[in-house]
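For ligands, and for the atoms within them, numbers begin at 1 and follow the listed sequence.
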Amino acid sequence: MANYKSVGFEHVRITGGFWKKRQEINRDVTADAVYRRFQDTGRFAALACAWREGMPDRPHYFWDSDVAKWIEGAAYILEAGRDEELERRCDEAIADITAHQDETGYFNSYFLSVAPDARFTDREKHELYCAGHLIEAAVAYAHATDKDALLRAMIRYADYIYRVFYIERSAAFDAGGHPEIELALVRLYDATGERKYLELARHFLDQRGRSGRDGPIAPFANMRYDQSHRPLLEQETPEGHAVRALYIYSAMADIASRMDDPAYFQAASRLFEHIVARRMYITGATGSTHIGEAFTVDYHLPNRTAYAETCASIALALFARRMMETRADAVYADTVERVMYNGALAGVSLDGASFFYENPLEIDPAFADVNASTEEKQHMPIMQRKAVFDCSCCPPNIVRFIASIAQSFYTVSEADGTVFVHQYAQSTADLGIGRLTQETDYPADGRITLRIEGGIRRVALRIPLWCRTFTLSVPYKMTDDYVYMDVPESGEIVLDIPMEVQLIEANAAVQNNAWRVAVMRGPVVYCAEGIDNGEKLRSLSLVAGAAFTQEPCELFGLPVLRTRGLRRTGPMGLYARYHREYEEAEITLIPYYAFANRGESEMNVWLHILPSPI
Ligand code: FUB
Ligand code: ZN
C-alpha cells in the first residue's frame, strides 16, 4: 500500500473564483451566524459547567461538540488571517473549558453539570464524541494561533481516556456509540508524535463489534446503528447511522495509512466502493432514511424523503480525503468534488446565514402535510433553511469544511515526490519543495493553467470521472484517471476540461429515478425549481438531444441552464385515458446547491426525459 501525504490546506491560498467567494461568506457571515445562535441557545454558557436544575438552557450531552466544531472552523479561518474578535470569542470559550476541566483531565459540560455521577456509564451519551471534537479543535487552534492552552488541556483529557479505556478498562463500555474520538486521536498523534494516541485510536477500532459489554443503542434493537454488529474488519456493507459510519470508516483509513495496515486498508476500500457504487446520492449525500439517519439497502435512494444530512456529506468527503492518502485512484478526489459542489454546499444558504440539516433531491410543498397526516413513520424534510436547529451539528461542520476546503487539493507521493493535483481552483500552494499556482475559473470554466516553480519534478493531475475528453499541453501517461507528467522547463502545464452539460442516468435498480435523468455541468448537479418553471415539475420532460444554453448568474456563481422541453397538458383528473398531449416548454435549471434561496418552491433533481420531440 503506497502512501501519499496530504498537503495541509494552510499551505494553499485560494486567491479567486468560486471558493474564494464561498470562503469569504463563510468567514464574514456563517462563522458569526453560528456563533450568535450558539450564544443565544446557551451552548457557550454551558461551558462554565454552572447549570443546575431549574435553570434555563439545560445543556445537551453533545453541545460541547457543536462549540468544538465551531472553534475548529474559526481556527481554520484564522489560518488565513488573524482576526481579533474571532480569536477573542475562541479564547473566551477555551478559558471556560480549561477552567472547568476536572483534576483527572475530564471535560464534558453536560456530565460536569447535569449528570456528575454518570461519567462513562452510557455509550450513547457522546462523551468520546465530544472529546474527539474538542481534541480536533485544540490541534487546529494551536496550529493557527500558537496558543496551546486548549491543546494542553486536551492532551490531559486524552491521557485520562487512555488510562480509563486502555489501561484500566474501567468505563462501563469499550467503544463509544458515536465515533469521532478515533480520528481525533490520529490527529493528536500527527500533531504530537505520541504513538500512544495512535494505539488508542486503533484500540477503539479493534474493540468495535467485539465487546460483549457494548449493547445496542435504544431505540434500535440491533447493533448496526453504530457499526457494532461485527468487527470492523469483517464489515462488508456500509450500515447504520451515516455520520457515525463515515467517521469510523475515516478512522479506518487513517489507521491504514499511519500503520501501513493492509487489513484496515482493504476493509475501508471495500466500504468506500460499496457506498459510491450503491448507496450514495448523485449529490454525494448519504443516509436514505430519517429513521436512524441511516444507510438502508443497495439502490434505495428516495428523493423526497432523502435524509442526506449535511454532516454525512461532509463525513464522506473526510473519508474520501483519507483514502486519497492510501491510493492514487481518482474515485476518491472525485467523491470529494461531488460532495464539495453538491451535497455539502446545499447545506448552507447562498448568503451563508441559514442551513439545511436534510438535503432532499425533490421537494413539493403540496406534500408538506404528510408529516402531520401520519404518525412518526413518514417524514418530509423541511423546505427552507433555518438559522439553528435543536440538533445543530451541521452548521459548525459547514464552517470547518468550507474554511478547510483546500485540504483535499494536493497529496505528495512519499515514494517519488510526485505532486498530485486533485482539485482545481484559482490558488497558490506552497509545497515545501516548490510552489504550484493554478490559474483557472473552475468550475465556471474548465481551463486550468498550472505554473510550477522550485524543485517539483513530476505532477499527476486528476481527470474527473465525469470528463469525456480533455487536452493537455505536455506528454503524459494515464493511470487510474490521473495523468502523470514531468514538469516541463517552462514550468507551465495547461489542462483543458470541457465543462459539458451531461444527462446522467441512475442504475435501473434505483426505483425513483427510472426513466429520469439528472443534469450535470462538470461536477455540479443541477435542479429545476418551481419558481422558474411553474407548477408541477413532474409534468415537465426534457427531450434527449436538445441543446442547453448557459447564462451567467451572479447570485448562484455558476450559469443557469435552459433547454426546450415539453409539458404534459390535457385532462388532469386523478386518472384519465392515456393521451399524448404536450406543449413546448422552456426548462430552466439552476445549481442544486442554490435551491431554496428564493422562497418556498417545488424542486426536482431527477427529471423525466422523452427520447425525441413528440
Ligand atoms: O449525534 C450527533 C450528531 O447529531 C450526529 O452526527 C448527527 O447525525 C445528529 O444525529
Ligand atoms: Zn449534522
N-O pairing of [X] and [Y] below 4.0 Å:
X	Y	result
Arg187	Glu72	yes
Asp174	Arg123	no
Glu182	Arg208	yes
Arg163	Asp159	no
Arg278	Glu236	no

Find all atoms of ligand 1 within a distance of less than 4.0 Å from any non-hydrogen atom belonging to [X], and give their numbers and elements.
X	answer
Cys391	4 (O), 9 (C)
Cys393	3 (C), 4 (O), 7 (C), 9 (C)
His241	5 (C), 6 (O), 7 (C), 8 (O), 10 (O)
Phe62	1 (O), 2 (C), 4 (O)
Glu293	8 (O), 9 (C), 10 (O)
His126	1 (O), 2 (C)

Ligand 1 versus Tyr61: contacting region, heavy-atom distance under 4.0 Å: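 For Tyr61, there is no contact with ligand 1 at all, from either part.
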Region of Cys311 that comes within reach of ligand 1 [heavy atoms, distance under 4.0 Å]: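 Contact part for Cys311 vs ligand 1: neither.
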Answer yes if the ring centres of [X] and [Y] are under 6.0 angstrom apart, and no otherwise.
X	Y	value
His143	Tyr141	no
Phe165	Phe173	yes
Trp606	Tyr281	no

Test log, rule ring-ring contact (aromatic ring centres under 6.0 Å, His included), inputs Phe272 and Tyr332: CA-CA 9 Å; Phe272 187 91; Tyr332 304 126; 4.9 Å; yes
Tyr247 touching ligand 1 at heavy-atom level, < 4.0 angstrom: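 No; Tyr247 lies far enough from ligand 1 that no heavy-atom distance drops under 4.0 Å.
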Proximity flag Tyr357 to ligand 1, non-hydrogen atoms under 4.0 Å: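 Yes, that is the case, since the closest heavy atom of the residue is under 4.0 Å from the ligand.
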Identity and separation of the nearest protein heavy atom to atom 7 (C) of ligand 1: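 Of every protein heavy atom, Glu309 OE2, 3.2 Å lies nearest to atom 7 (C) of ligand 1.
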Taking atom 6 (O) of ligand 1 as the reference point, the nearest protein heavy atom with its distance: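 Result: His178 NE2, 2.7 Å.
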Close N or O approach (Arg244, ligand 1; < 3.5 Å):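 Min N/O separation from ligand 1 is not below 3.5 Å for Arg244.
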Any N, O or S atom of Cys391 closer than 2.8 Å to the Zn ion (ligand 2):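 Checking the Zn ion (ligand 2) against Cys391, no N, O or S atom falls under 2.8 Å.
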Apex the Zn ion (ligand 2); atoms Glu309 OE2 and Cys311 SG; angle rounded to 10 degrees: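 The OE2/SG angle about the Zn ion (ligand 2) sits at 110°.
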Shortest non-hydrogen contact between Cys393 and Tyr357, atoms and distance: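 So the minimum-distance heavy-atom pair works out to SG-CE1, 3.7 Å.
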